[in-house]
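Report on the structure given below.
All values below were derived from every heavy atom in this structure, side-chain atoms included, with hydrogens, water molecules and symmetry-related copies excluded. Note that the structure is a prediction, hence the values are computed from the model and not measured.
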Amino acid sequence: MTYRLSFLFLMLLALHGSAGFAQAKKTAAPQDADKMQWFGDAKLGIFIHWGIYAVNGIPESWSFFNNYISHEDYMKQLDGFTAANYQPEEWAKLIKESGARYAVITTKHHDGVALWDSKMGGINTRKHTPAKRDVLTPFVEALRKEDLKTGLYFSLPDWSYTDYDVFTRAKKRYTLAEEPRRWKKYLNYYQGQLRELSKMYNPDLYWFDGDWEHNAEEWESAKVRDMLLGYNKNVIINSRLNHYGDYATPEQGVPVVRPQDPYWELCLTMNDAWGYTPHDRHYKSPNQIIRIFADCISNGGNLLLDIGPKPDGTIPEEQVAILKELGRWTKKHAGAIYGTVAGIPDGHFYGNSTLSKDRKTLYLFVENQGAESVRVQGLSSAVKSIQVVGGNATAKYEKQGNAIYIQVPANAYDEQLTVLALNFDEPLKLTSAEPDKVALASLQKSGKLDDVQRNRTIRQLADNLQAGYNPFQNTALQPDGADVKQLKLVDVGVERWVRKHAETLYKSNPGLPAGHYEGATALSEDKQTLYLFVEGKPTGPIAIKGLKNKLHRIRIVGNGTLLGHEIFNKQYWSEIPGIVYIDVPEDQLDKDLTVIAVLLDKPVELYREEIKPIESN
């Protein structure tokens, strides 16, 4: 985005899978749970990057900072910012329709162009563009008419202001030690603008950016925090005020390990750009965005999804379509979203989940359709009932071993992401999520299995491989499946599946830790081929997160069909891997369990460490 301070929260290794990105607190006041309640309950916000950079569709502010364009030529865009078709009321209605409970708009980016008529000097849309008006005030008013919380993005740096020390990556105007009076003048300027914003709008939230250019003492971060709280004791401040904030702000990367911060928010683009870029057609689908949203709320966070309006004030049609489909889904599944808390730990369910605050309802987010059943493991509390959220359908279920198997009615699936509500009489209690083991001897004695038990047995085999237990280790089974008869498997369906997928079972290693893929996985003996188990029919491309390797080839095990892939959110300046998406053709799915083989450039490497700030674009 604009702010190359990318607090991704991918992650520290943790014994129980719950350690992650931690926002260091220096001398900030303790968290105020009452103040933060609306933010924690809101789950979804819309970020708006609107500025003169939309005129040429170039990277906001960074274009001249990185010398891709001269500052003079960058500022010529002022002449093209018309806001001629700007309808703030329609913006606010669309944001509300999306299911968002708050919005954050760029009042001033690093280029110093303010969207309101600031009396502190500098550049603004009223005095310096054909729009000839304050475009911020009517939007804030429109948000409040729709009962949406107001967030104001504010850049601490102003690279166009003559008394700010930094001009571009290659040029500085002065050093603070040599010209402290100029720095003091800038402090008065930016803090004066914040006073204006507080007096004029009394925002619910401040979203700072650019703090990496100076330390907290130089910015006077503690003073600024106290000043803002003086105007509104309940105002929420993000982490980018040198940690004098209330919540963490990871950027672009989706969590693999659950973040430790009690409050956090992922800011995410729909395509690859934050502001309007007409040639960037690399949009995520509504399915991908909805699943990323589920990732966030499952891990106890929020999603701040970005849009970039055009210079005339209209919102690109691709972005409108995404917001409307997101709104359809959030409205249907509101009970599983708003006011919930983080779901059950990884390992109990292949997917995302949330819990009601009293922990008496568990919501499971089901990515695939048509599987024999949906299973969740290690529930100590007895299930009272199960409903499909957003409709009148109930789901049958049964307990078998350590798992609950849930049959979803065929006509009850959502086209994007289905949600099941499991109800309990008591707050949910968990036990070990370890899957039941399938011994080779049991497969040799069980006799013919019906379709249901065969399918469950095969999926249990995948669970076992994921956990590091392989009943075919040190047996006659070969990678080509030629000697499968020597195993004396009684059920012909199990034998068929084992023969077809023998390479997956031959000297396999345990799969990826939870969080990287929503399903069971295994690794080849050399750990250079990753096997992904796909249950049922995916509603969108299957996703792998936090994979550092390059992908050489992807194929369906057992028939050799080659598959393509696409990567989103990979930033060229960052070592943080993007999300790998793989489309799996429906006509290639195995009736019991499909396996995808991903050939890597070297033994698997995963990104789970804590992310450091990124200060470049």
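- The minimum heavy-atom distance between Y397 and S385, with the atom names listed, is OH-N, 3.9 Å.
- Looking at K384 and E426, no side-chain N of the basic residue comes within less than 4.0 Å of a carboxylate O on the acidic one, giving no salt bridge.
- Between E89 and K145 there is no salt bridge, since none of the side-chain N atoms of the basic residue sits less than 4.0 Å from a carboxylate O of the acidic one.
- Neither side chain, H282 nor N271, offers a donor N or O lying under 3.5 Å from an acceptor on the other.
- Minimum interatomic distance between A543 and I579 (heavy atoms only, all atoms of both residues): CB-CG2, 3.9 Å.
- Between W159 and W62, the angle of the ring planes goes over 60°, which puts this pair in the perpendicular group of the 30/60° scheme.
- Residue-environment remark: CZ (R126) stays at or below the threshold of 12 foreign heavy atoms within 6.0 Å.
- Considering K545, Q252, E251 in turn, Q252 is the only one that fulfils the side chain to side chain donor-acceptor pair (under 3.5 Å) rule with N569.
- A salt bridge is defined here as a Lys NZ or Arg NE, NH1 or NH2 lying under 4.0 Å from an Asp or Glu carboxylate O, and D41 with K43 fails to meet this definition.
- Without hydrogens or angle criteria, S155 side chain to K108 main chain gives no donor-acceptor distance under 3.5 Å.
- Interatomic distance, CG of L44 versus CG of N302, reported as 8.0 Å (0.5 Å rounding).
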Kindly determine whether D312 and T314 satisfy side chain to side chain donor-acceptor pair (under 3.5 Å), including the steps that lead there. CA-CA 6 Å; D312 70 349; T314 57; 2.7 Å; yes
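- Counting all heavy atoms, side chain and backbone alike, V235 lies closest to K35 at O-NZ, 3.1 Å.
- By the neighbour-count criterion of 12 heavy atoms within 6.0 Å, atom CG of D147 is sparsely surrounded, having that number or fewer from other residues, nucleotides or ligands.
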Verdict with supporting geometry, Y206 and F208, ring pair (Phe, Tyr, Trp, His ring centres under 6.0 Å): CA-CA 6 Å; Y206 272 106; F208 287 108; 5.7 Å; yes
Residue pair H109, Y153: steps toward the ring pair (Phe, Tyr, Trp, His ring centres under 6.0 Å) verdict: CA-CA 8 Å; H109 205 266; Y153 168 104; 5.5 Å; yes
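- The line from CD1 of I386 to OG1 of T394 is 9.5 Å long, rounded to the nearest 0.5 Å.
- Checked for salt-bridge contact, K119 and E196 miss the test: no charged N lies under 4.0 Å from a carboxylate O.
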Go through N423 and Q387 one step at a time and tell me if the side chain to side chain donor-acceptor pair (under 3.5 Å) criterion holds. CA-CA 8 Å; N423 303 301; Q387 282 84 39; 2.6 Å; yes
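- The ring-ring contact (aromatic ring centres under 6.0 Å, His included) test with Y247 singles out one residue from Y263, F39, W264, and that residue is F39.
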With side chain to side chain donor-acceptor pair (under 3.5 Å) as the test, would you mind laying out the steps for E265 and T249 before giving the verdict? CA-CA 5 Å; E265 169 196 76; T249 54; over 6 Å; no
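- Atom NZ of K93 is surrounded by 12 or fewer heavy atoms from other residues, nucleotides or ligands within 6.0 Å.
- Salt-bridge annotation for R328 and D414: present, with a side-chain N of the basic residue lying under 4.0 Å from a carboxylate O of the acidic one.
- S298 contributes atom OG, which lies 13.5 Å from atom CZ of R291 (distance to the nearest 0.5 angstrom).
- Ring-centre distance between Y86 and F139: not below the 6.0 Å cut-off.
- For K357, the NZ atom counts as densely surrounded, since its 6.0 Å shell holds more than 12 non-hydrogen atoms of other residues, nucleotides or ligands.
- In this structure, CD1 on I95 lies 5.5 Å from CG on L143, to the nearest 0.5 angstrom.
- Aromatic ring orientation, H49 versus F47: perpendicular (interplanar angle above 60°, classes split at 30° and 60°).
- In summary, the side chains of E367 and T539 do not present any donor paired with an acceptor at a separation below 3.5 Å, with no hydrogens or angles considered.
- For the pair R101 and Y338, the cation-pi criterion (under 6.0 Å, within 45° of the ring axis) is fulfilled.
- With W219 as the partner, the ring-ring contact (aromatic ring centres under 6.0 Å, His included) test is satisfied by one option alone out of Y244, F154, Y190: Y190.
- The nearest pair of heavy atoms linking Y276 to P316 is CD1-CG, 3.7 Å.
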Yes or no on side chain to side chain donor-acceptor pair (under 3.5 Å) for H110 and D158, after CA distance, side-chain angles and deciding distance? CA-CA 5 Å; H110 309 325; D158 185 333; over 6 Å; no
